[in-house]
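As structure tokens, the structure follows; a few thoughts come after it.
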Amino acid sequence: RGTGGGRPRGARVLPAAWSCLSTFTAWCNSHLRKAGTQIENIDEDFRDGLKLMLLLEVISGERLPKPERGKMRVHKINNVNKALDFIASKGVKLVSIGAEEIVDGNAKMTLGMIWTIILRFAIQDISVEETSAKEGLLLWCQRKTAPYKNVNVQNFHISWKDGLAFNALIHRHRPELIEYDKLRKDDPVTNLNNAFEVAEKYLDIPKMLDAEDIVGTLRPDEKAIMTYVSCFYHAFSGAQKLSFFLSPSFRRPSSLFLSVPGLHLLFPDPFRALLEWIRRTIPWLEDRSPQKTIQEMQQKLEDFRDYRRVHKPPKVQEKCQLEINFNTLQTKLRLSNRPAFMPSEGRMVSDINNGWQHLEQAEKGYEEWLLNEIRRLERLDHLAEKFRQKASIHEAWTEGKEAMLKQKDYESATLSDIKALIRKHEAFESDLAAHQDRVEQIAAIAQELNELDYYDSPSVNARCQKICDQWDVLGSLTHSRREALEKTEKQLETIDELHLEYAKRAAPFNNWMESAMEDLQDMFIVHTIEEIEGLIAAHDQFKSTLPDADKEREAILGIQREAQRIADFNSIKLGGNNPYTSVTPQIINSKWERVQQLVPKRDHALLDEQSKQQSNEHLRRQFASQANIVGPWIQTKMEEIGRISIEMNGTLEDQLNHLKQYEQSIVDYKPNIDLLEQQHQLIQEALIFDNKHTNYTMEHIRVGWEQLLTTIARTINEVENQILTRDAKGISQEQMQEFRASFNHFDKDHGGALGPEEFKACLISLGYDVENDRQGDAEFNRIMSLVDPNGSGIVTFQAFIDFMSRETTDTDTADQVIASFKVLAGDKNYITAEELRRELPPEQAEYCIARMAPYRGPDAAPGALDYKSFSTALYGESDL
């Protein structure tokens with residue numbers, strides 16, 4: 001397309017904040033450079049508030065409160081608040097802009113604050129025909145560019161995109177700097193760069209805009225354009241003071257020509273005054289005499305700031321006004337076709353510029369020197385305060401440490417205490433090592449203070465030397481205490497090992513002694529010589545161990561003595577007893593002495609008991625020897641009496657005589673029993689309760705003797721009764737023997753009496769019907785009431801004889817037996833063995849079978865037995 005409409009090819013849309021940011025940064029630097037500094041990043045470099053306060057001092061010419069130099073957030077917020085309070089004091093309302101946002105680097109809030117500053121200090125005071133601020137600046141631009149073609153300023157954005165308006169402003173005031181007729185509207189980048197470069201080079205207006213950004217943006221940032229244009233207004237506003245050159249009277253040729261030769265008279269006084277001020281100020285700015293205190297240097301800085309705020313700004317205005325006047329004069333002369341005005345040597349504008357340049361260089365160097373000196377003194381004050389703080393902290397930390405390291409608390413400590421002290425000392429060593437850095441820092445700070453020529457270096461050096469000396473002492477004491485603790489620990493470990501060894505050996509030895517004392521005092525009860533001899537042997541064995549036990553005791557006590565020797569040698573105070581045992585050497589010695597006392601007492605007691613047991617053994621053997629003779633003799637006699645009563649050899653009279661002879665021999669044996677009683681009495685008095693040499697006790701002998709006497713008497717009585725019965729009943733000797741044979745047959749235990757069952761079997765064998773039925777039981781009970789009227793449950797031989805003699809004399813017994821067998825045989829004349837075994841008890845059946853003869857009759861069957869001959873023979877009526 002053509003140049004009239006649309007946006008150039010390749011045009012780009014940039015954020016408004018971008019151009020605004022660069023413009024605001026350049027505007028701030030145009031003022032900050034007067035104070036010898038600048039910013040790189042507008043949202044970072046104002047965060048601590050220091051350069052923000054400096055900017056406000058430069059553009060306002062006023063002093064702000066002293067800033068805080070700390071680097072903490074609170075210091076930064078306080079500095080920014082001081083700047084915002086100053087802006088507010090100028091009648092500016094800060095909406096939604098807080099110190100925290102500026103300190104946090106909020107770009108949007110920072111730009112808003114800078115724009116507020118620009119409005120207040122660069123635009124607000126612009127006044128043209130009773131308009132102010134933005135409208136006044138726009139009206140001024142419109143009037144200055146009105147004569148120029150292709151320039152139509154209606155706003156502060158698209159009206160400036162082609163660059164012609166900027167060039168028109170410069171050409172209107174400094175036509176010699178711009179060849180306006182050669183500029184083209186369709187080449188906006190060239191136009192803009194031309195205006196920016198000329199303004200920066202000749203008008204001291206820094207480049208705040210970028211030509212490509214303006215051209216490439218549909219709508220350039222209004223704030224950026226206004227900021228830049230306001231710099232032109234302030235640069236050219238001094239030209240109004242020469243308006244008299246534009247008056248009608250000045251335009252008259254006669255006045256002009258008459259005035260031209262004397263025009264140089266307008267300049268000498270201002271030139272001389274300005275040059276004189278420059279020459280007088282430069283030596284002051286070149287003075288580099290350092291001060292010792294920061295207060296003196298701050299006073300120099302305050303003087304320099306007064307120079308920048310109070311003294312220099314009017315001179316800047318004078319210099320600018322002289323340049324404007326000179327350029328205006330030359331323009332008017334050229335327009336009037338008059339030759340250019342040439343001032344005399346030393347009064348030329350170049351002289352002013354050269355002097356001013358020298359002044360600027362001296363000023364810049366002076367400011368740098370002042371700031372460096374202040375920084376140096378601040379550094380010195382900071383280092384000195386840092387030295388004092390670190391020294392105070394270190395001295396407070398070291399207080400009492402020497403006394404702590406010198407104490408000998410380990411001499412009375414236990415092993416656990418020593419280990420705790422070592423751990424505590426290790427912790428102190430770690431703390432000491434950590435403080436090594438502080439000591440090195442203190443020494444380094446003192447060294448740096450000396451290198452920077454600190455005025456109070458002697459006191460710093462003395463304090464530093466004292467700290468270093470004390471540090472060396474602490475290090476030496478720390479090493480010595482560690483050695484002492486480790487040495488004591490090793491010694492206590494040795495003592496502890498000895499205590500442990502002592503406890504391991506003392507405990508069983510103490511138990512052994514307690515057991516020994518218990519055994520030595522134990523009441524013993526023995527009944528045999530073997531038992532006492534066993535105790536004596538055990539005691540002798542115990543005594544044989546005493547030498548070894550004494551050696552063990554000495555070894556155990558030696559362990560304790562060695563532990564005490566180590567403690568005494570190393571000045572260690574052992575607290576309390578052995579931690580591993582309550583058995584002290586005193587206890588061991590006391591118990592050992594007790595053992596030594598108890599051993600001979602035990603010897604005497606055992607020997608006494610041995611003598612006693614030997615006497616008892618003699619009594620045992622004496623009694624046993626007699627008892628072993630008497631006991632068998634009584635037993636033999638009992639057996640012989642029994643055999644006499646059972647065998648029934650000879651007549652009853654012969655048996656009676658024989659028994660009476662036995663009775664006399666028994667009576668004659670009584671002294672032997674009396675002797676045994678005497679021996680038994682001695683045993684009882686000696687409390688002897690057992691006798692392994694014999695199985696006979698005195699009680700057995702007494703019972704046997706009484707039984708022997710009773711048996712012989714009873715047997716004699718029985719024989720006498722049998723004689724009486726025989727004679728009274730007329731029983732033959734053969735029948736009497738038969739009765740004895742039957743009785744003895746069923747007297748299985750040879751006790752001389754039959755039980756009920758044995759008596760029943762005997763009756764059955766004799767042919768009585770006493771079978772196990774109702775009739776048989778009744779008959780048996782009748783008979784039992786006759787033979788055992790007292791109900792003792794036994795039938796004596798005498799009762800048996802009485803019953804048999806009564807039965808024999810009263811009834812025909814053989815016929816009854818034959819009748820009974822006939823019933824059993826089923827009315828046959830014979831009976832079989834099978835029938836007998838079926839009908840009779842086994843013993844009775846076998847008795848009959850063994851004695852019955854075979855049956856010989858004509859009706860005999862195999863195995864037939866003759867019960868009639870058996871019955872007749874049973875009662876003496878015939879022989880079997």
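Both backbone and side-chain heavy atoms feed into the values below; hydrogens, waters and symmetry mates do not.
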Quick one about D668 and Q664 (side-chain donor to acceptor, distance below 3.5 Å, no hydrogens or angles considered), yes or no?
yes

I'd like to know if R482 pairs up with E489 as an ion pair, taking the criterion as any Lys NZ or Arg NE/NH1/NH2 lying under 4.0 Å from an Asp or Glu carboxylate oxygen.
no

I'd like to know whether NE2 of H745 has more than 12 heavy-atom contacts from other residues, nucleotides or ligands below 6.0 angstrom.
yes

Less than 3.5 Å apart, any donor N or O on the side chain of Y696 or N691 sitting next to an acceptor on the other?
no

Where does the angle between the aromatic ring planes of W397 and F428 fall among parallel (under 30°), tilted (30 to 60°) and perpendicular (over 60°)?
parallel

Just so I know, are the side chains of E685 and L682 near enough to count as touching, which here means a heavy-atom distance under 4.5 Å?
yes

Whether the side chain of T710 engages the backbone of Q707 through a donor-acceptor N/O pair (distance < 3.5 Å, no angle test) should be reported.
no

Give a yes or no on this: more than 12 heavy atoms of other residues, nucleotides or ligands lie within 6.0 Å of atom NZ of K612.
no

Mind listing the closest non-hydrogen atom pair of V526 and E531 along with its distance?
CA-OE1, 3.1 Å

Run the salt-bridge test on D431 and K424 with the 4.0 Å N-O cut-off and return the result as yes or no.
no

Check whether any side-chain heavy atom of T398 lies under 4.5 Å from a side-chain heavy atom of H435, and answer yes or no.
no

With Q521 as partner, the option from K601, R594, R602 fulfilling side chain to side chain donor-acceptor pair (under 3.5 Å) is R594

Measuring only between side-chain heavy atoms, which start at C-beta, is H539 closer than 4.5 Å to L535?
no

Assess whether a salt bridge exists between E562 and R565, defined as any Lys/Arg side-chain N lying under 4.0 Å from an Asp/Glu carboxylate O.
yes

Keeping T494 on the side-chain end and K490 on the backbone end, is there a donor-acceptor pair under 3.5 Å?
yes

Working note: L405 + H425, criterion side-chain contact (heavy atoms from CB on, under 4.5 Å); need CA distance, chi angles, decisive distance, verdict.
CA-CA 9 Å; L405 293 172; H425 189 70; 3.9 Å; yes

Answer whether the closest heavy-atom distance between the side chains of I532 and I529 falls below 4.5 Å.
yes

Polar side-chain atom of R702 near backbone of E677 as donor-acceptor pair, under 3.5 Å
no

Do D469 and Q465 have side-chain N/O donor and acceptor atoms under 3.5 Å apart?
yes

Within the side chain of N628, is there an N or O that forms a donor-acceptor pair under 3.5 Å with the backbone of H693?
yes

Under 4.5 Å between any side-chain heavy atoms of K543 and D603, yes or no?
yes

Hey, what do you get for OG1 (T711) to CD (E640), rounding to the nearest 0.5 Å?
13.0 Å

Indicate the atoms forming the closest heavy-atom contact of G793 with P756, along with that distance.
O-CD, 3.2 Å

Would you say the side-chain atoms of D522 pair up with the backbone N or O of E518, donor to acceptor, closer than 3.5 Å?
no

Do M784 and V795 have side-chain heavy atoms sitting under 4.5 Å apart?
yes

Q586 backbone acceptor or donor facing S590 side chain under 3.5 Å:
no

I want to check something: taking the side chain as every heavy atom from C-beta on, are E440 and D437 in contact at a cut-off of under 4.5 Å?
yes

Run the salt-bridge test on K692 and E617 with the 4.0 Å N-O cut-off and return the result as yes or no.
no

Verify the neighbour count for atom CG of D540: are there more than 12 heavy atoms of other residues, nucleotides or ligands below 6.0 Å?
yes

Do any N or O atoms from the side chain of S765 and from the backbone of C762 form a donor-acceptor pair under 3.5 angstrom?
yes

Classify the ring geometry between H658 and Y662 as parallel (under 30°), tilted (30 to 60°) or perpendicular (over 60°).
perpendicular

In short, Y502 meets P585 closest at the heavy-atom pair OH-N, 3.1 Å

Partner set under ring pair (Phe, Tyr, Trp, His ring centres under 6.0 Å) for W471, not counting sequence neighbours
H394

Should I566 and L498 count as side-chain neighbours, where that means a heavy-atom distance under 4.5 Å?
yes

Cut-off 3.5 Å, side chains only: do H618 and Q614 have a donor facing an acceptor?
no

Any Lys/Arg nitrogen of E395 or R463 sitting under 4.0 Å from an Asp/Glu carboxylate oxygen of the other?
yes

Assess the residue pair L546 and V599 against the criterion (side-chain contact (heavy atoms from CB on, under 4.5 Å)); give the C-alpha distance rounded to whole Å, side-chain angles, the decisive distance to 0.1 Å, and a yes or no.
CA-CA 10 Å; L546 290 179; V599 168; 4.0 Å; yes

Looking at L607, is its backbone amide N or carbonyl O close enough to the side chain of S611 to form a donor-acceptor pair, meaning the two atoms are under 3.5 Å apart?
no

